[in-house]
Structures are given as structure tokens and as C-alpha cells.
Amino acid sequence: MTMTSAGIRHAFLDFFASKQHQVVSSSSLIPGNDATLLFTNAGMVQFKDVFLGQDPRSYNRAVSAQRCVRAGGKHNDLENVGYTARHHTFFEMLGNFSFGDYFKQDAIAYAWEFLTVVVKLPKEKLWVTVYETDDEAYNIWLNDVGVPAERIIRIGDNKGAPYASDNFWAMGDTGPCGPCTEIFYDHGEHIWGGPPGSAEEDGDRYIEIWNIVFMQFNRHSDGRMEPLPKPSVDTGMGLERIAAILQHVHSNYEIDTFVALIKAAADVTGATDLADKSLRVVADHIRSCAFLIVDGVQPSNEGRGYVLRRIVRRAVRHGNKLGAKGAFFYKLVSALVAQMGEAYPELAAKQAVVEKVLKLEEEQFGKTLERGLAILEEALAGLTGSELPGDLVFKLYDTYGFPVDLTNDVARERNLTIDQAGFDAAMAEQRKRAQQASNFGADYNAALTSNQQTVFTGYQHEFGNATVAEILRDGKHCDSLGDNEEALVILDQTPFYAESGGQMGDTGSLTLADGSVFAVSDTIKVAKAFAHKGKLSGKLTVGSKVEARVDAARRSAIKRNHSATHLLHAALRQVLGEHVTQKGSLVGPDRLRFDFSHFEAVTSAELRTIESMVNEQVQLNLQLQTRVMPIDDAKAAGAMALFGEKYDDEVRVLSMGDFSIELCGGTHVERTGDIGLIKIVSEAGIASGVRRIEAVSGAGAVAFVQQLEQQAQAVAGALKGDVFSIAERVQQTLDRSRQLEKDIEQLKAKMASQAGASLLQQAQQIAGANVLVTQLPATDPKALRTMLDELKNQLSPAVILLATVNEDKISLIAGVSADLTDKVHAGQLVGWAAQKLGGKGGGRPDMAQAGGTDVAALPQVVTEANSYIREKLS
């Protein structure tokens, strides 16, 4: 049966929907609930908390087509992509899941029905494996499904430890685990390989197409296997693998999706051999790169962004190898949208953004690619063994941005290897130097502990009564605090906001009935407690009653800036695009800072639009609304959440009309009009793909505007005009200054020419050449060049060395006519002189410049230079 990839995807989802499974959309490639994973690499990732019982859903059966990436961390297929039939950086995993509902009987029956009835695979082509002791699964296959015993293979602990088997799955060293059963397809005798478990199992004849995991046990740290109260099912079938079988091809790169992408890659690179492995690389990489950008990843030098950069650069290198001229990779996005845009509409919606990011990254790498490849080719030409030295691999990585796998690609094409150990050693040494240069120490807060859960009352109040629950002095718990001592004081309840989410902690005071005052300089979180950092005047004990009072003026300023940050975030997304996501923030009383993902500088026009947009919301005086709701309801309502953040089941949603809806636990103004004014102060890049906006609001914004006005008036006064004519007056002044500089240069050149004419008489005849060595009065270094050229023309054949002193710095310039450079090298001449004068320099054989600092030695060097030149000429 022949089916398109899109048809298979539809058929799979429709089949399980007919079996009462909830169709769940593919989650982001950035795991939202698992900090241990770099990327989503399997269909079960988005259901991990469901399996663990931490995320109850309204359904207990699900089916999905999940986008996956394996290109970094533990699951890294990058180096094999393009060289094998089934390795990809990006693939789609079709999966059906049972959360304590059906188990082995139904899971096996569903898989068999889909494969043999829906897509009509020949039953005699299918083999299955089970865990060696899983008699239940074995009997279902044998007796209920009817698979012959000779095509059912038991796989035991083949990895050197109990339950360490290809057919036993575990979420980790402890936790949910269980046996699995796999379905293999036999491609036929014409392809080498044996069935699973045999000596030839690594061949390509028998290919795994479906894996069914039975989550049956909870493994304890002591090795005990406790049966789970609600056994579950997790399955996975690679779309590309099943498509290859149904389209009667052996390689995944021959299925319809890849055929179209390879053809598009050939068109944009000019390649004619469609079997070229580099076309496979490019076709695979456009999928992972495009979808990573869709999910908010930007090329950078760390983490997920670095993996994306590696993949882009590998694709560009292979395009370069194919003969591509100029940027080409971004042009494949439209072909990808044509293939996958219907299934994943987010790809089509962000096509323009993806193209722009890829083009900028490609152009940036293109500037260094040619030079790096030239160095690599030079090293390969002089290589005596079969291994590239580790220090060279590191140089290419460190200086030219060549990922190791890219260098390894080039080496593999020449049947060479790289010295991975040498590279790792060089990398380790670099990390060591970086650590030694760093001033950062351990996070003090992370070492603190508290069993208290402070109740925060600061949304409604800025003061209130509280009881001292704990005191931490020098990181240790104590019962009391004396006069003038510093500590962290934890209360049972507090109006003080603890630093979180970019918002600075509150300051203020804790006052006791006896007049003792604990001055709070900051508030931080210690586990679930709010710790007030400060210094005591008087005495304080655990159990003391205090009046907690926040610095209201400072809190108000922070609230204005925090609400302004939300407005800026919303405006940035509207003006620049929905790819903009928050990368960090700092909200203080005097300013705000907002870091966001974007691939280029924000233009002045865009900044003006953003600033006007947020101030329009301020003028509308919108009421801010806060609601506490389930996280899924919040996301459904359009609330912005940060990828990688772990949120509670109940979240606080802050809304400013329809303009801004975000998850936020911070303090805010009551109406947008309370902000007063928002003024953007600066915008700049802080890392690859990350920009930073700084702004002020309220009184801070007014002060900033007044300062600008004061400076403008000062400039206007100096230019004898008013503030409205500054630009015109400045331009007039600049034009006049440029003309004067031009006139001065012409005068200097004329004076240098005249001075040069007088020097002609000082030239000496040595061995048939005119030799001129002299020290000139203070002369502009640029004028020396003009003077040298004229003297060479008039004295040729000639050797000339000129020196001058400006502000205790010596400038040297040497010129040698072309017919004498085989005897006297200008670069060596100035180098000789500069060394004697405490400097250095050099240059071409016919002209060179240098500098020095030992002014007192200059007369002697001028005298000795004649002898140096005489010796060379003779």
C-alpha cells in the first residue's frame, strides 16, 4: 500500500481517535516540564507528569504526532545524519498512550490492527520481540494475535545488569519502568542482516517500526520492583520509517517528504547529483532548524542555541561543498512549508521569521567559512598521519566557529579521524582559564534552608503585624539577634515581596513594641519562606511580634516599572513578531530592563512605534485584573508563559485589557494610568539572538526627559540657536569642520612636499643607490607617507628611512625602490630600527612603518642606519 507521509499521519491519528483516544497536538521542541532534557526527543515527553500522576487530565487515552529533535546531549544523532538510511536530527514520532486505562492486550491489538488492516502490511513480514520474562505479552502475540512462535523473539538482560535490556524501559534509575515489545519489518533477503537478537541484528534487513512500553513497575533505590497501581502504555512509531516501508523504499531519504526537500536543496545549490549525501544533510537540517526557530530557539553560543547554530553551520558547509554561491539555506523554508505546513500551521505562520533568522546566521557564518576551510585544507595537505591534531580542531572551533562535528565531517570525507582526546583537553584547559578569570562564587541563597511557609499579604497591604518564625545569621539558625547584628529574619506572614521573576525584593522596616527596629535592605526567597535581609537596632527573638512596613515610595516605583515591562513585552511581540520571547528581566525602583529573543537590532522607527504603543495603553488608564486559575486555562486564555519554567497547577494571571496577558506573581499598579509615562532609554544586543531594552517610567521617565531637555538646551546655546534647530546647526558645524580638515590635510601635504624637496640634497650615494636617512621635525604620520612616495620617485634607485617624534612617540617609515628590494627589505629595515628604539613594526619589502619610544636613542640609530644600509647594499 502506497501512502504519503501526510496520509500516514492522518490515518494514525484518525485510527486512534476512533478508539476513543484524545488527539493531542505536538508539544514544543523545548520541554516545558523537564529540565533534564535539551529537546523533546520522544512522544511521551509531554505526558511525563501524567504518567507520574502529577498532572491529571480529563482523558485517559491519548494519541499524538510529536515533533522530535535528537541533536545534542544524550540523544545526539548529528554526526550520522546523511550517512545512514535512518538517522535524522528531526523526526516525527507517532504514539498512542494509556494513562491507567488499557494495557497489554489492547495495546498490542491496536498496533497489529493499524499495521495489518489500516495500512495493510503483510503479516508474514512482521516480527516481534518481548522481554524475556514477559510471558503475558508473549502469549498475547502467540495465541491472540497469531504470530508464529519462530517470529516472536525473547530478549533478556543483554546490557550487563538486571533489567538492562533493549526490551526493558525505564524513566530513570528509579521510578516507573517496565518491559516493552517491539515490532520489526523484514525488508527481504536481498538486504543483509539478521533478526533482533542474532549476530547480524545490526544489518538493515529487519527494521524496528513500533515500540510498545508497558509501564508496570516502580523501581526503588534498593532494586525492589513494586507493581504500579495503574499500569500504563507508551508507544512510538517513527513516521519516516513506516513511510519508507509503505512507499516501497529502503532509505528514509527516499520518502516523499525528503524527495521534495532534496529536489529543492538541489535547485538552490545548483547540485545535479540527487544521490549526493550532502543533499541529504541539507534536507534533514532544514527541518530541525526551522522547527527549533518556530519554538523560540535562536542561534547562540550556548545551550539549545548552540545546537541550532551547529546544525545551521553543518548545513551551510554541505551547501558550500555542493557549490552553493551565497546564502541558500533559508530559501528551503518555503519548500518545507509546502510539505509540513498543513500538519503544523505554526510553521507557515512563522515562515518569514524563520527565513530571516536563518539568512542572518548563514551570512554571519559565511564570512568565516572560507577562511576556516582554507586553514583546514592547508592542514590536511601537510598531514602525515591519518588523524587531525586536537589543537587544530580546537583552533577551528575557538577561532572560526567550526563545530567539532563539522570538522569531523570533512575528515571523514578524506578517510581521516580527529584527535577527540586532544580537542577535549584543549577545551578543558579553556574552561579552566575561564573559571579562574571569573569572579563569581557560589550562590549563597542556595545554601540556606527553612521549613517555614510565609504567607504573602503584599498584594493587598504594604504593612501589617507578623511573628518572627526564624532567624538566620551567617547561614545558620539562631534564637535571637543582638544590637547592630545583620541577619535574615523570616516571618509567618509579610507584605514584603521577595525577589523573584526579575522583580527586586522590597525594603522597609520591622518594628517591635519596645522600639527595636530591624532595617530591611532586601527580601529574598529561602525555599517557601520570605527572608528579610537587614540590620537590627535593639534586640529580636524568635516569636517576637513586629509591625512589618514596606518602603511604600520604593514599592510604588517598582510597581510602575513592572507593569511597564509587561506592556513593553506585549508591544515588542506586536511590532517585531511573535517569535519575541522573554529571556530575562530586572525590575527595580529606578529603571527596568527587559531581555528578549530577536535576530537583529530594533530600528529607531520600531522603537518609536513601541514607545508610542505602550504610552497609548497608559493613557487608556486600563484596569489591571488578576485571576488565579489552572495553568491549562491560563494558557488557553492566551497568557504568556516562559518555556522551561515549572509552574504550579494554579497560577496568577495578570491582564491589562486585551493588550497584555501574562503569568506573573509580582506586584503591579492598579491602573495603567498610574505608570504616568514610559520612556525607552536604550536598546542593544547582549548575546547572539538576544536583545536588551532599558526603560524608565513615572517620575524616572520625567527626570530622564528633563535631563535630555537640559542637555539639548546646552548644545543649542553653544551653537547659538534653539533646541528646534539643533540638528541643522550641528550639520552645518560638521560640514565646516570636514572642510577645514580637508584644507589642513592639503596644507600638510604641500608642506611635506616642500620639506621633501629640501631633503633631496641630503641623499648619499652608496653602491649606486641614493640613500636618505634623517630625523624630521614633528610631522604628521600621514604626511610622512606622502613625503616618502615623492622622495622615492625623485631619488630612485633609493633607500629611504624617515623618523619623526610626536608627543614622545617615534614614527618610522622606510621605502625601497623595486630594483633594490632584493638587497634591502623595507620591513626588516624599520624592524631593526624600531627594536633599538623600544618598539616594533614591519611591512612590505618596498614600504614599511614602525614605532618606538626611546627618543634619546634616535640620533644614534639614524647614524647607525647608514652603516646598516651600506652593509646590505654591498
Side-chain angles (χ1 to χ4, degrees), residues 371 374 378 738-874:
R371 177 60 178 152
E378 183 180 338
R738 292 191 188 101
Q739 184 58 49
L740 289 172
E741 288 176 357
K742 187 176 180 181
D743 293 344
I744 290 171
E745 288 298 322
Q746 290 175 346
L747 284 172
K748 285 181 178 180
K750 186 175 181 180
M751 292 171 63
S753 178
Q754 293 173 348
S758 67
L759 291 174
L760 293 174
Q761 300 175 2
Q762 299 182 28
Q764 302 179 48
Q765 277 282 330
I766 300 177
N770 291 309
V771 177
L772 175 61
V773 180
T774 187
Q775 177 181 348
L776 302 172
T779 305
D780 184 76
K782 292 181 180 179
L784 280 179
R785 176 68 180 268
T786 302
M787 187 183 299
L788 179 72
D789 291 340
E790 291 192 7
L791 288 169
K792 278 177 64 178
N793 289 335
Q794 296 185 52
L795 291 174
S796 183
V799 178
I800 301 168
L801 176 64
L802 304 178
T804 188
V805 179
N806 290 287
E807 297 179 354
D808 294 330
K809 291 183 180 179
I810 304 169
S811 296
L812 298 168
I813 189 167
V816 180
S817 51
D819 51 350
L820 294 177
T821 53
D822 60 332
K823 295 183 177 180
V824 182
H825 188 290
Q828 295 175 357
L829 173 58
V830 293
W832 169 85
Q835 187 176 15
K836 292 178 174 293
L837 296 170
K840 59 182 179 179
R844 306 193 311 265
D846 62 325
M847 198 283 291
Q849 292 179 282
T853 56
D854 191 353
V855 177
L858 184 56
Q860 181 64 30
V861 171
V862 169
T863 300
E864 293 176 358
N866 283 296
S867 300
Y868 174 91
I869 296 169
R870 185 186 301 278
E871 181 181 341
K872 295 292 183 181
L873 290 172
S874 62

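If you're wondering where the values come from, they're calculated on a predicted model, not measured in any experiment.
- Counting only residues at least two apart or in different chains, ring-ring contact (aromatic ring centres under 6.0 Å, His included) contacts with residues 773-801 are absent.
- In this view, Ala857 and Leu837, Asp854 satisfy the side chain to side chain contact (heavy atoms under 4.5 Å, CB included) rule, not counting sequence neighbours.
- Residues satisfying the side-chain hydrogen bond (donor to acceptor under 3.5 Å, both in side chains) test with Gln775, not counting sequence neighbours, are none.
- The backbone N or O of Ser817 lies less than 3.5 Å from no partner atom in the side chain of Thr821, so there is not a single donor-acceptor pair.
- Legend: residues meeting salt bridge (charged side-chain N to carboxylate O under 4.0 Å, His left out) with Arg870, ordered by chain and number and at least two apart, are absent.
- Here Ile869 contributes atom CD1 and Gln764 contributes atom CD; the two are 9.0 Å apart, rounded to the nearest 0.5 Å.
- Within the 4.5 Å cutoff, no side-chain heavy atoms of Val830 are placed close to those of Ile813.
- Contacts classified as ring-ring contact (aromatic ring centres under 6.0 Å, His included) and involving residues 767-802 (residues at least two apart or in different chains) are not found.
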### Query
For Leu776 and Met787, what are the C-alpha separation, side-chain angles and deciding distance, and is it a side chain to side chain contact (heavy atoms under 4.5 Å, CB included)?
CA-CA 11 Å; Leu776 302 172; Met787 187 183 299; 3.5 Å; yes

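- Nearest approach of Val816 to Val824, heavy atoms of both residues: CG1-O, 3.5 Å.
- Residues in residues 814-853 take part in these ring-ring contact (aromatic ring centres under 6.0 Å, His included) pairs, two or more places apart or across chains: Trp832-Tyr868.
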Compile the donor-acceptor pairs under 3.5 Å between side chains in residues 796-812 and protein atoms, sequence neighbours left out, one pair per line.
| unit_1 | atom_1 | unit_2 | atom_2 | d |
| --- | --- | --- | --- | --- |
| Thr804 | OG1 | Pro777 | O | 2.9 |
| Thr804 | OG1 | Thr779 | N | 3.0 |
| Asn806 | ND2 | Thr779 | O | 2.8 |

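- Residue pairs that meet the ring-ring contact (aromatic ring centres under 6.0 Å, His included) test with at least one member in residues 774-824, sequence neighbours left out, do not exist here.
- Asn770 and Gln765 form a side-chain donor-acceptor contact under 3.5 Å, judged by distance and modelled atom types alone.
- The number of heavy-atom neighbours closer than 6.0 Å to NZ of Lys792, taken from other residues, nucleotides and ligands shown, is above 12.
- Residues satisfying the side chain to side chain contact (heavy atoms under 4.5 Å, CB included) criterion with Gln762, sequence neighbours excluded, are Leu759, Leu772, Thr774.
- Residues satisfying the side-chain hydrogen bond (donor to acceptor under 3.5 Å, both in side chains) criterion with Glu864, sequence neighbours excluded, are Gln860.
- Contact record, Leu795 with Ala763: CD2-CB, 4.0 Å, taken as the closest heavy-atom pair.
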Side-chain donor-acceptor pairs of residues 841-852 under 3.5 Å, sequence neighbours excluded:
| unit_1 | atom_1 | unit_2 | atom_2 | d |
| --- | --- | --- | --- | --- |
| Arg844 | NE | Asp846 | OD1 | 3.0 |
| Arg844 | NH2 | Asp846 | OD2 | 3.4 |

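- Partners of Asp789 under the salt bridge (charged side-chain N to carboxylate O under 4.0 Å, His left out) rule, at least two apart in sequence or in another chain, are Arg785.
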